[in-house]
Amino acid sequence: MDSPTKTRIGWDDLPGHVRSAVEDILGDRVVAAVSQPGGYSPGTADRVRTASGRRAFVKAASPALNRDTPGMHRNEARVSADLPAYAPTPRLLGCHDDGEWVALVLTDVDGRHPATPWRPDELDAVLGTLATLSAALNPSPIAQVPTAAEQLRYDFTGWRRIAADPPDGLDPWARAHLDELCDLADRGIAALVGDTLCHLDVRADNLLVDAAGTMTVVDWPWACRGPAWLDTALLLINVRLHGGHDTEALLRRLPLTADVDPDALTGVYAGMAAFFTDAARRPPPPGIPTLRAFQQAQADAVLPWIAQRLR
């Protein structure tokens with residue numbers, strides 16, 4: 001599992017009025033809460049149980065914890081409210097937003113994160129889930145989300161910022177190929193065309209697998225409209241990070257990616273590497289001390305893959 005934040009608050013740390021608002025949504029008093037590991041939010045991530053036995057998942061944050069997290073929760077609330085019932089995603093039960101604290105109350109998924117390094121059976125299950133999801137969410141059932149190009153344009157220009165101010169620890173291969181990486185990332189942005197609702201952040205800690213092996217895709221703040229193959233291609237970054245699988249062979253055999261222009265895929269990976277490399281050199285965001293190391297680890301995993309694809 002990806003490294004979790006070390007500063008997450010729990011249910012009992014929430015202000016009383018926020019807990020009361022959640023209980024109003026649930027229609028009952030919360031009597032037990034278990035904080036969940038994984039992810040990179042400093043806010044709550046609790047499985048809760050009410051006096052009558054009802055279960056739910058609650059995530060809440062304020063700008064005092066991290067200035068960006070409440071906005072992400074608002075985005076996720078809007079998306080989750082409109083996700084169709086047939087999608088393998090949690091249902092939104094309600095949202096509290098008092099202008100400072102934002103709390104989402106979602107259906108609880110009785111599952112765990114997939115094992116990493118990825119087990120073959122669980123990897124096959126999530127790849128199948130993403131194929132089903134891309135078909136079910138095309139055309140996008142939610143119109144009011146940005147396009148993938150809009151969502152990723154700034155991130156994909158990271159190589160230009162790096163070229164203007166290269167960090168001392170920049171990967172030697174990347175340093176020697178900065179102009180090419182800039183051009184590749186531009187191709188990547190141009191390839192992000194489509195009307196499939198994409199999650200944009202599919203990785204092990206944004207997935208839950210139940211006892212039957214069924215996968216649920218959670219955490220939707222970055223939802224956007226893009227090509228049907230995008231989430232599958234991005235999941236393979238997480239697979240490559242943890243090792244144990246030939247991601248190049250997976251790209252060639254998977255129906256969603258097998259016929260995609262190889263230059264487009266290389267461009268998307270170059271753009272993601274730009275994001276990881278540029279972000280990793282910044283100070284850690286408040287309340288999320290492990291994020292930069294995770295971004296650097298992803299850059300270190302993707303850059304050799306890009307070099308391999310360019311040979």
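At a threshold of 4.0 Å, the pair Asp278-Arg161 counts as salt-bridged, since one of the basic side-chain nitrogens sits closer than that to a carboxylate oxygen. Under the 4.0 Å criterion applied to side-chain N and carboxylate O atoms, Arg49 and Asp108 are not assigned as salt-bridge partners. Ion pairing of Glu150 with Arg225 is absent here, as no side-chain N (NZ or NE/NH1/NH2) approaches a carboxylate O to less than 4.0 Å. Ion pairing of Arg253 with Asp124 is present here, as a side-chain N (NZ or NE/NH1/NH2) and a carboxylate O approach within less than 4.0 Å.
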Legend entry - Pair Ile162-Leu178, side chain to side chain contact (heavy atoms under 4.5 Å, CB included): steps then yes or no: CA-CA 8 Å; Ile162 291 166; Leu178 281 172; 4.1 Å; yes
Inset, instruction - Under the salt bridge (charged side-chain N to carboxylate O under 4.0 Å, His left out) rule, what do Asp155 and Arg153 come out as? Steps first, then yes or no, please. - result: CA-CA 6 Å; Asp155 297 333; Arg153 190 174 306 280; over 6 Å; no
Inset, instruction - Let me see the working for Ile9 and Leu65 under side chain to side chain contact (heavy atoms under 4.5 Å, CB included), right down to the final yes or no. - result: CA-CA 9 Å; Ile9 65 169; Leu65 297 171; 3.7 Å; yes
Inset, instruction - I would like to know whether Leu133 and Val217 meet side chain to side chain contact (heavy atoms under 4.5 Å, CB included); could you show each step before the answer? - result: CA-CA 9 Å; Leu133 198 59; Val217 185; 4.1 Å; yes
Inset, instruction - Quick one: do Glu122 and Met215 satisfy side chain to side chain contact (heavy atoms under 4.5 Å, CB included)? Show the steps, please. - result: CA-CA 8 Å; Glu122 292 184 350; Met215 288 284 173; 3.9 Å; yes
Inset, instruction - Decide salt bridge (charged side-chain N to carboxylate O under 4.0 Å, His left out) for Asp186 and Arg160; before the verdict, give the C-alpha distance in whole Å, the side-chain angles of both, and the deciding distance to 0.1 Å. - result: CA-CA 11 Å; Asp186 288 346; Arg160 288 187 165 80; 2.9 Å; yes
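Within a 6.0 Å radius of CG in Asp259, other residues, nucleotides and ligands contribute 12 heavy atoms or fewer. Around the CG atom of Asp179, the shell of radius 6.0 Å holds no more than 12 heavy atoms that belong to other residues, nucleotides or ligands. Around atom CZ of Arg29, no more than 12 heavy atoms belonging to other residues, nucleotides or ligands sit under 6.0 Å away. The environment of Arg67 atom CZ is sparse: at most 12 non-hydrogen atoms of other residues, nucleotides or ligands sit within 6.0 angstrom. Counting non-hydrogen atoms of neighbouring residues, nucleotides and ligands closer than 6.0 angstrom, the CH2 atom of Trp11 exceeds 12 such neighbours.
In this structure, SG in Cys182 is found 13.0 Å from NE2 in His177, a value given to the nearest 0.5 Å. Taken to the nearest 0.5 Å, the CG atom of Leu104 stands 10.5 Å off from the CZ atom of Arg74. Atoms CG and CG, from Leu235 and Leu230 in turn, are 11.0 Å apart once rounded to the nearest 0.5 Å. Note that CG of Leu137 is 7.5 Å distant from OG1 of Thr196, once rounded to the nearest 0.5 Å. If you take CG on Asp263 and CG on Leu184, they are separated by 8.0 Å, rounding to the nearest 0.5 Å. A distance of 6.5 Å separates CD in Gln36 from CZ in Phe57, rounded to the nearest 0.5 Å.
Side-chain contact between His245 and Pro120: present, with at least one pair of heavy atoms (C-beta onward) separated by less than 4.5 Å. Counting heavy atoms from C-beta on, the side chains of Asp46 and Val34 never come closer than 4.5 Å. A 4.5 Å side-chain heavy-atom check between Leu181 and Ile306 finds at least one atom pair inside the cut-off. Using a 4.5 Å heavy-atom threshold, the side chains of Thr277 and Leu170 count as touching. With contacts defined as side-chain heavy-atom distances shorter than 4.5 Å, the pair Arg309/Glu248 qualifies. Contact of the Leu208 side chain with the Asp110 side chain is not registered, since no non-hydrogen atoms from C-beta on lie closer than 4.5 Å. Two residues are said to be in side-chain contact when any heavy atoms from C-beta on lie closer than 4.5 Å; Glu180 and Trp159 fail this criterion. Side-chain contact between Asp28 and Glu23: absent, with no pair of heavy atoms (C-beta onward) separated by less than 4.5 Å.
Listed for the Asp82 side chain is no donor-acceptor partner under 3.5 Å among the backbone atoms of Val79. Between the side chain of Arg19 and the main chain of Val30, no donor-acceptor pair closer than 3.5 Å is present. Under a 3.5 Å cut-off, the side chain of Tyr269 and the backbone N or O of Val302 do not form any donor-acceptor pair. Looking at Asp97, its side chain does come within 3.5 Å of a backbone N or O of Gly99 through a donor-acceptor pair. Remark: side-chain polar atoms of Arg292 are paired, donor with acceptor, to backbone N or O of Pro283 under 3.5 angstrom. Without hydrogens or angle criteria, Arg252 side chain to Thr247 main chain gives no donor-acceptor distance under 3.5 Å. Side-chain atoms of His199 come within 3.5 Å of backbone N or O of Asp201 as a donor-acceptor pair. Between the side chain of Trp222 and the backbone N or O of Asp219 there is no donor-acceptor pair closer than 3.5 Å. Thr116 places no side-chain N or O within 3.5 Å of a backbone atom of Trp118 that could act as its donor or acceptor partner. At distances below 3.5 Å, at least one donor-acceptor pair connects side-chain atoms of Asn66 with backbone N or O atoms of Pro286.
Linking ILVMFWY residues whenever their side-chain heavy atoms come closer than 4.5 Å, directly or via other members, leaves Val218 and Leu234 in distinct clusters. Hydrophobic clustering (side-chain heavy atoms under 4.5 Å, transitive across Ile, Leu, Val, Met, Phe, Trp, Tyr) keeps Val18 apart from Met72. Transitive grouping of hydrophobic side chains (ILVMFWY, heavy atoms separated by less than 4.5 Å) brings Val209 and Leu127 into a common cluster. A chain of hydrophobic side-chain contacts below 4.5 Å, direct or via other Ile, Leu, Val, Met, Phe, Trp or Tyr residues, connects Leu200 to Phe275. Note: the hydrophobic cluster containing Leu152 does not contain Leu291 (ILVMFWY, side chain heavy atoms under 4.5 Å, direct or indirect links).
Closest heavy-atom contact between Ala299 and Pro304: O-CD, 4.4 Å. The shortest non-hydrogen separation linking Lys59 to Leu106 is CD-CD1, 4.1 Å. Contact between Asn75 and Pro221 at its shortest, heavy atoms only, is CB-O, 3.6 Å. Ala77 approaches Leu92 most closely through the heavy-atom pair O-CD2, 3.4 Å. The two residues Pro141 and Leu197 make their nearest non-hydrogen contact at CD-CB, 4.1 Å. Nearest heavy atoms, Pro84 versus Arg91: O-NH2, 3.1 Å.
Looking at Leu130, Leu265, Leu251 one by one, the single match for side chain to side chain contact (heavy atoms under 4.5 Å, CB included) with Trp229 turns out to be Leu265.
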